[in-house]
Peer 1: 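Dropping the structure in here first, questions after.
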Amino acid sequence: MSRPLRTGSARPVPVRELMAVSADGSRLHVEVHGRDGAPAVVLSHGWTCNTGFWDAQIRDLAADHRVIAYDQRGHGTSPAVGPAGYTTDALADDLEAVLAATLEPGEKAVLVGHSMGGMTMMAASRRAGLREHAAAVLLCSTGSSRLIAESRVVPMRAGTVRTRMTRAILGARAPLGPVTPLSRRILKYATMGAGSAPDRVDTCARIVHACPRAPRVAWGHVLADLDLDEGVRELRVPTAVIAGAEDRLTPPVHARAIAAALPDCLGLTELTGLGHMTPVEAPEAVTARIRELVTGYLPLRGTADVEGKEEVA
């Protein structure tokens, strides 16, 4: 299978690549960076993205961590599935499969989710796999419900018309086509802060435009009707929240509601001037928060290597 368009030749090269198999048989592309035995961090990307979204975090953390990143089903090199395979339960199943494929029984990791990746953590909050392996969680630029009602991508007053237009955008079947100056401007407006550097806008545009149409549309319908409020209340591990103050897709009202509902919230960080793509827009801030969680909540495992699993049948 050919690889999707990534961020360029400077992509971090994984130590291992493997396929995790989810509960319904769906196969998930997984990358492992860094050395066995180092503290583990698991990265779950958002809608229309892929593992390349985390390149900045991988470059930094892999020097002294074991960094596990995976393509959500239908994204990157994880194959698309049938229409019934796009659900929040499937997100939870997939995360459990990745954790089982890459971590030893009882081994703890810091779990990081951006946008739909954060929703994955909420969907899996009551799952045995998450509770077995999560030492702490970082939720970046995400929401648990009312996404289309609160979204500010459509520049008009909140109400029925704006909500309908936002729903139509999430489910739009039109192909994104090649990256052009116009498409970059549209993506920057919708997903990034006004001051975002051109190279970071280009990175996000290339990743988003590489997402296949069918999974993009299917997941868009899931997001339009999302309700994971109960999942937030059941996320009973130490959890930090990061949001961009200028996020139009998941405005800070979502982050504030999540922080208020979490049983063990470690605080909300609102990043001034930033939009929805916080790990790309502010990689240093996101990576620093991950390091803080590792230091504070992940027990040292010594120097012994952990034997990895190459395939889960």
Side-chain angles (χ1 to χ4, degrees), residues 12 14 20 28 30-34 38-47 49-72 75-76 91-92 94-96 98-99 102-103 107-125 127 129-131 133-144 207 228 231-232 235 237-244 247 250 254-255 258-259 262 264-269 271 274 276-298:
L28 305 162
V30 184
E31 300 176 3
V32 181
H33 300 258
V41 175
V42 178
L43 305 175
S44 181
H45 68 73
W47 181 50
C49 294
N50 57 51
T51 58
F53 186 79
W54 298 108
D55 279 359
Q57 285 71 42
I58 292 169
R59 286 191 195 96
D60 186 302
L61 294 169
D64 50 357
H65 296 73
R66 181 158 46 97
V67 185
I68 298 155
Y70 70 101
D71 285 327
Q72 300 270 22
H75 293 72
L91 291 176
D94 294 352
L95 177 62
E96 284 198 297
V98 171
L99 297 177
T102 57
L103 301 176
E107 182 183 359
K108 297 293 186 179
V110 170
L111 310 186
V112 184
H114 170 259
S115 192
M116 194 173 79
M119 299 164 197
T120 300
M121 311 299 170
M122 302 172 209
S125 62
R127 296 295 187 92
L130 182 138
R131 294 187 173 183
H133 293 294
V137 169
L138 176 60
L139 302 176
C140 300
S141 307
T142 192
S144 59
I207 290 172
L228 290 172
V232 177
L235 192 52
V237 296
T239 302
V241 185
I242 285 180
D247 187 346
T250 53
H254 292 294
I258 289 170
L262 284 167
D264 189 358
C265 183
L266 301 176
L268 165 61
T269 302
L271 300 173
L274 298 187
H276 184 67
M277 302 300 212
T278 44
V280 174
E281 294 181 82
E284 298 85 358
V286 172
T287 303
R289 195 70 176 105
I290 296 171
R291 286 186 171 276
E292 289 172 2
L293 293 176
V294 170
T295 300
Y297 295 92
L298 205 57

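Residue indices begin at 1 and follow the sequence shown.
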Peer 1: Stepwise, does the side-chain contact (heavy atoms from CB on, under 4.5 Å) test hold for V67 with L43?
Peer 2: CA-CA 7 Å; V67 185; L43 305 175; 3.6 Å; yes
Peer 1: Donor-acceptor check, side chain of S125 to backbone of G231, threshold 3.5 angstrom: yes or no?
Peer 2: yes
Peer 1: Considering only heavy atoms from C-beta outward, does the side chain of D64 approach that of R291 to under 4.5 Å?
Peer 2: yes
Peer 1: Given the rule in the side-chain contact (heavy atoms from CB on, under 4.5 Å) test, do T120 and Q72 qualify, once you have shown the distances and angles that lead to the verdict?
Peer 2: CA-CA 10 Å; T120 300; Q72 300 270 22; 3.2 Å; yes
Peer 1: Work out which heavy atom in A240 is nearest to a heavy atom in R289; give both atom names and the distance.
Peer 2: CB-NH2, 3.5 Å
Peer 1: For L130 versus A124, what's the shortest heavy-atom pair and its separation?
Peer 2: CB-O, 3.5 Å
Peer 1: Minimum heavy-atom separation for A243 to A255, with atom names?
Peer 2: CB-CB, 3.6 Å
Peer 1: Side chains of L293 and L266, heavy atoms from C-beta outward: is any pair under 4.5 Å?
Peer 2: yes
Peer 1: Taking side chain as C-beta onward, heavy atoms only, is P283 less than 4.5 Å from Q57?
Peer 2: yes
Peer 1: Under the 3.5 angstrom rule, does the side chain of E96 hit a backbone N or O of R127 as a donor-acceptor pair?
Peer 2: no
Peer 1: To the nearest 0.5 Å, what is the distance between OG (S44) and CD1 (I68)?
Peer 2: 12.0 Å
Peer 1: Looking at H45, H75, E31, which one forms a side-chain hydrogen bond (donor to acceptor under 3.5 Å, both in side chains) with T51?
Peer 2: E31
Peer 1: Could you pull out the closest heavy-atom pair between A69 and I58, with the gap in Å?
Peer 2: CB-CD1, 4.3 Å
Peer 1: Nearest 0.5 Å please: distance from the OG1 atom of T287 over to the CG atom of D60.
Peer 2: 5.0 Å
Peer 1: Taking all atoms of both residues into account, what is the closest heavy-atom pair of R66 and A38, and its distance?
Peer 2: N-CB, 3.6 Å
Peer 1: Quick one: CD1 on I290 to CG on L138, what's the gap to the nearest 0.5 Å?
Peer 2: 6.0 Å
Peer 1: Specify the closest pair of heavy atoms between A134 and K108, including all atoms of both residues, with the distance to one decimal.
Peer 2: O-NZ, 4.0 Å
Peer 1: Do V237 and M121 have side-chain heavy atoms sitting under 4.5 Å apart?
Peer 2: no
Peer 1: Using the side chain to side chain contact (heavy atoms under 4.5 Å, CB included) definition, which of the options T278, T142, V286 pairs with H114?
Peer 2: T278
Peer 1: Just how far is it from atom CG of N50 to atom CG of D55, taken to the nearest 0.5 Å?
Peer 2: 8.5 Å
Peer 1: Would you say the side chain of L111 lies within less than 4.5 Å of the side chain of L99, judging by non-hydrogen atoms?
Peer 2: yes
